[in-house]
There are 2 protein chains.
Amino acid sequence: MTQPSPDLLFKALADPSRRALFERLCLDGEQTVGALTAGAGISQPAVSKHLGILKQAGLVLDRHEGRQTHYSAQQSALAPLVDWTGRMNRFWEARFDDLEDLLKRMDQ
Amino acid sequence: MTQPSPDLLFKALADPSRRALFERLCLDGEQTVGALTAGAGISQPAVSKHLGILKQAGLVLDRHEGRQTHYSAQQSALAPLVDWTGRMNRFWEARFDDLEDLLKRMDQ
DNA sequence: TTTTCTCATAACCATATAGTTATGGATGTC
DNA sequence: GACATCCATAACTATATGGTTATGAGAAAA
């Protein structure tokens, strides 16, 4: 199971409809396409397409049961996002530490 | 100073060129447009446009000095992103806790 | 079997987006 | 003043994207 690229994740989550679908799956748990379509303000094919993109990004899992498909959030797929923001902030902290060191040295 | 919306942030960071610019500002610190253009594989106007979008999302600050503009990363703007991923994961943990509770109760 | 239901895909359209070249304004240099 | 440099904006183009309606495949119901 390879890590999804941050690029795929950012792109998948950049769209408000997709983010709303993902959030709903996170908050309310597994849902069928029909249920998700009911809540979203868009057509069923649009929902299916969005779910396909979320799935490709590793953000959701699908489970077929009879004639309906259940989707659920795969929150662990957010890991690369957390890593990325962490990396960006780590450098901020590092440079902040540098600044602190500098100020300390200037104090002495 | 109002929090930038997750939507603006996700959209701003969804583009690889913009993310590369932001990463570079995070890692290497303040840069002029010229310096950034040198590294990026795109034209100077393209870089300027991307920087404009990053600025609108609150991700970068600009500082004018003579005829050049220096851009720097505003990492604190990532806060809404961290919050969002946190919220999505909190619910995961909550439901995980529920599962644990359930298993414990089943054990007794 | 026939019909109905659920979802995915196809085909299409309008708009958004990311890039380009051209240009101009402001600032520094000669 | 004349020229060069740095950046932003304008105008344009090609492609990507998000939506639609139409349709079809597969499973359940009749």
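Here is the naming used below: chain letters follow the sequence lines, and residue numbers restart at 1 for every chain. The model shown is predicted, which means the values in this text are computed figures rather than measured ones.
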>> Using the salt bridge (charged side-chain N to carboxylate O under 4.0 Å, His left out) criterion, which residues pair with B:R63? Sequence neighbours excluded.
In response: B:E30, B:E65

> Given the rule in the side chain to side chain contact (heavy atoms under 4.5 Å, CB included) test, do A:L61 and A:S72 qualify, once you have shown the distances and angles that lead to the verdict?
Replying inline: CA-CA 5 Å; A:L61 298 176; A:S72 57; 3.8 Å; yes

>> Using the side chain to side chain donor-acceptor pair (under 3.5 Å) criterion, which residues pair with A:E23? Sequence neighbours excluded.
In response: B:W84

> Residues in side chain to side chain donor-acceptor pair (under 3.5 Å) with B:T69, at least two apart?
Replying inline: B:H64

What are the atom names and distances for every N/O pair under 3.5 Å that joins the protein to nucleotides 15-17 of chain D?
none

>> Let's see if you get this right: which residues in residues 31-42 of chain B place a heavy atom under 4.0 Å from DNA chain D?
In response: B:T32, B:V33, B:G34

> Does any non-hydrogen side-chain atom of B:F10 lie less than 4.5 Å from one of A:R19?
Replying inline: yes

Please list, one pair per line, the donor and acceptor atoms closer than 3.5 Å that link side chains of residues 35-48 of chain A to other protein atoms, with sequence neighbours excluded.
unit_1: A:T37; atom_1: OG1; unit_2: A:V33; atom_2: O; d: 2.8
unit_1: A:S43; atom_1: OG; unit_2: A:A46; atom_2: N; d: 3.4
unit_1: A:Q44; atom_1: NE2; unit_2: A:S48; atom_2: OG; d: 3.1

> Do B:L51 and B:D62 touch side chain to side chain, with heavy atoms closer than 4.5 Å?
Replying inline: no

>> Give me each pair satisfying salt bridge (Lys or Arg N to Asp or Glu O under 4.0 Å) with a member in residues 38-47 of chain A, each pair once, sequence neighbours excluded.
In response: none

> Would you call B:L78 and B:L59 a side-chain contact if the rule is heavy atoms closer than 4.5 Å?
Replying inline: yes

>> Could you walk me through whether B:Q31 and B:R24 satisfy the side chain to side chain contact (heavy atoms under 4.5 Å, CB included) test, starting with their C-alpha distance in whole Å, then the side-chain angles of each, then the deciding distance to 0.1 Å, before giving a yes or no?
In response: CA-CA 9 Å; B:Q31 307 267 340; B:R24 192 157 156 211; 3.9 Å; yes

> Can you name the nearest heavy-atom pair linking A:G58 to A:A77, along with the distance?
Replying inline: O-CB, 3.0 Å

> In chain order, what residues pass the salt bridge (charged side-chain N to carboxylate O under 4.0 Å, His left out) check against B:K11, with sequence neighbours excluded?
Replying inline: B:D7

> Just the endpoints, please: which first and last nucleotides of DNA chain C, 5' to 3', lie under 4.0 Å from a heavy atom of chain B?
Replying inline: C:dA18 to C:dG28

> Between A:Q75 and B:N89, which heavy-atom pair has the shortest distance, and what is it?
Replying inline: CB-OD1, 3.6 Å

> Counting N and O atoms only, with roles assigned by atom type, does the side chain of A:R18 sit under 3.5 Å from a partner on the main chain of A:L13, one being a donor and the other an acceptor?
Replying inline: no

> So which of residues 63-71 of chain B are in contact with DNA chain C, with a heavy-atom cut-off of under 4.0 Å?
Replying inline: B:G66, B:R67

>> What's the angle between the local helix axes at either end of the helix from C:dT1-D:dA30 to C:dC30-D:dG1, using five pairs per end and rounding to 10 degrees?
In response: 10°

> Just wondering, do B:T32 and B:H70 contact through their side chains at under 4.5 Å, heavy atoms?
Replying inline: yes

> By a strict heavy-atom criterion of less than 4.0 Å, which residues belonging to residues 46-60 of chain B are in contact with DNA chain D?
Replying inline: B:S48

> What is the distance from CG of A:D62 to P of D:dG26, rounded to the nearest Å?
Replying inline: 16 Å

> Taking only side-chain nitrogens and oxygens of A:S17, does any of them come within less than 4.0 Å of OP1 or OP2 of D:dG19?
Replying inline: yes

>> What verdict does the side chain to side chain contact (heavy atoms under 4.5 Å, CB included) test give for A:L21 and A:H50, after you've listed the backbone C-alpha separation in whole Å, the side-chain angles of each residue and the deciding distance to 0.1 Å?
In response: CA-CA 8 Å; A:L21 287 171; A:H50 282 310; 3.7 Å; yes

>> How close do A:L9 and A:A57 get, counting heavy atoms only, and between which atoms?
In response: CD2-O, 3.6 Å

